[in-house]
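Bear in mind that the values here come from a model prediction, so they are computed numbers and not experimental data. Quick note: numbers below take in every heavy atom, side chains included, and nothing from hydrogens, waters or symmetry partners.
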Amino acid sequence: MNIYWESFKTFFKIGIFTLGGGYAMIPLIEEEVVNRHRWISREEMLDLIAIAQSCPGVFAINISIFIGYKLNKERGAIITALGTALPSFLIILAIAIFFHQFEDNKVIAAIFKGIRPAVVALIAVPTFRLAQRAQLNWFTIWIPIVSALLIWLMGVSPIWIIIAAGVGGFIYGKLSSQKLK
């Protein structure tokens with residue numbers, strides 16, 4: 001089958017069936033891209049997640065662009081980005097057109113109230129999986145905990161956390177390589 005159509009269709013499906021944003025898409029992206037199509041490895045997926053969340057822009061679009069680029073350079077990146085973004089665009093367009101008819105509907109309000117806890121679970125599962133794959137241990141577990149607390153309790157910008165983690169990783173890498181010499 002044509003790789004353009006296959007990648008578009010795959011990312012369109014990911015975009016249309018995922019509620020809760022980019023992080024909630026991780027399990028579906030992994031299932032489709034790593035397990036089903038084998039376009040990237042599990043290790044590459046973990047690296048892509050780290051890169052995508054460190055880059056400006058929408059997380060899911062960033063991941064789709066990286067995977068599309070690996071598959072077929074610029075055209076592949078454009079196709080996968082469109083596949084990911086188009087469902088959200090169409091859904092938001094439909095909501096914008098018809099929302100005023102449903103905004104006071106108690107059934108719709110109850111449905112959205114029920115969806116909220118499920119979205120939390122959709123975000124929590126990939127977080128735990130990422131922690132496992134990142135090989136967190138008793139020596140490194142403090143990093144995500146302190147980072148989360150700094151963001152949540154003290155309002156530190158995630159940008160500063162990413163910069164600090166990058167600098168810390170660079171320094172650790174330099175010190176580790178010097179010890180090996």
Let me confirm one number: the [atom1]-[atom2] distance from [X] to [Y], rounded to the nearest 0.5 Å.
X: Ile51; Y: Glu44; atom1: CD1; atom2: CD; value: 10.0 Å
X: Phe112; Y: Arg116; atom1: CZ; atom2: CZ; value: 9.0 Å
X: Leu86; Y: Ser88; atom1: CG; atom2: OG; value: 9.0 Å
X: Glu32; Y: His37; atom1: CD; atom2: NE2; value: 5.0 Å
X: Ile3; Y: Leu71; atom1: CD1; atom2: CG; value: 5.0 Å
X: Ile61; Y: Leu82; atom1: CD1; atom2: CG; value: 8.5 Å

In terms of hydrophobic clusters joined by side-chain contacts under 4.5 Å, are [X] and [Y] together?
X: Trp5; Y: Ile79; answer: yes
X: Ile26; Y: Val34; answer: yes
X: Ile161; Y: Ile143; answer: yes
X: Phe8; Y: Ile40; answer: yes
X: Ile141; Y: Leu153; answer: yes

Return the minimal non-hydrogen interatomic distance between [X] and [Y], and the atom names on each side.
X: Met45; Y: Glu30; answer: CE-N, 4.0 Å
X: Gly15; Y: Met25; answer: CA-CE, 3.9 Å
X: Ala52; Y: Ile63; answer: CB-CG1, 3.4 Å
X: Asn62; Y: Pro56; answer: ND2-O, 3.3 Å
X: Gly76; Y: Tyr4; answer: N-CE2, 4.1 Å

Do [X] and [Y] have side chains that approach each other closer than 4.5 Å (heavy atoms only, starting at C-beta)?
X: Ile49; Y: Phe59; answer: yes
X: Ile162; Y: Gln53; answer: no
X: Ile163; Y: Trp160; answer: yes
X: Val33; Y: Phe11; answer: yes

Q: Please answer whether the main-chain N or O of Gly173 pairs with a side-chain N or O of Ser176 as donor and acceptor at a distance below 3.5 Å.
A: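 No, Ser176 side chain to Gly173 backbone: no donor-acceptor pair under 3.5 Å.
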(Q) Whether the side chain of Asn105 engages the backbone of Ile108 through a donor-acceptor N/O pair (distance < 3.5 Å, no angle test) should be reported. (A)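 The answer is yes, because a donor-acceptor pair under 3.5 Å joins these two groups.
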(Q) So for atom CD1, which belongs to Ile97, do other residues, nucleotides or ligands contribute more than 12 heavy atoms lying within a distance under 6.0 Å? (A)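 Atom CD1 in Ile97 is crowded, with more than 12 foreign heavy atoms closer than 6.0 Å.
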Q.
The criterion is side-chain hydrogen bond (donor to acceptor under 3.5 Å, both in side chains); which residues satisfy it with Thr80, sequence neighbours excluded?
A. none
(Q) Quick one, Trp39 with Lys70, criterion side-chain contact (heavy atoms from CB on, under 4.5 Å). Give me CA distance, side-chain angles, the key distance, then yes/no. (A) CA-CA 8 Å; Trp39 289 333; Lys70 181 176 181 190; over 6 Å; no
Q: Go through the steps for Ile67 and Ile29 under the test side-chain contact (heavy atoms from CB on, under 4.5 Å), then give the verdict.
A: CA-CA 10 Å; Ile67 294 169; Ile29 293 172; 4.2 Å; yes
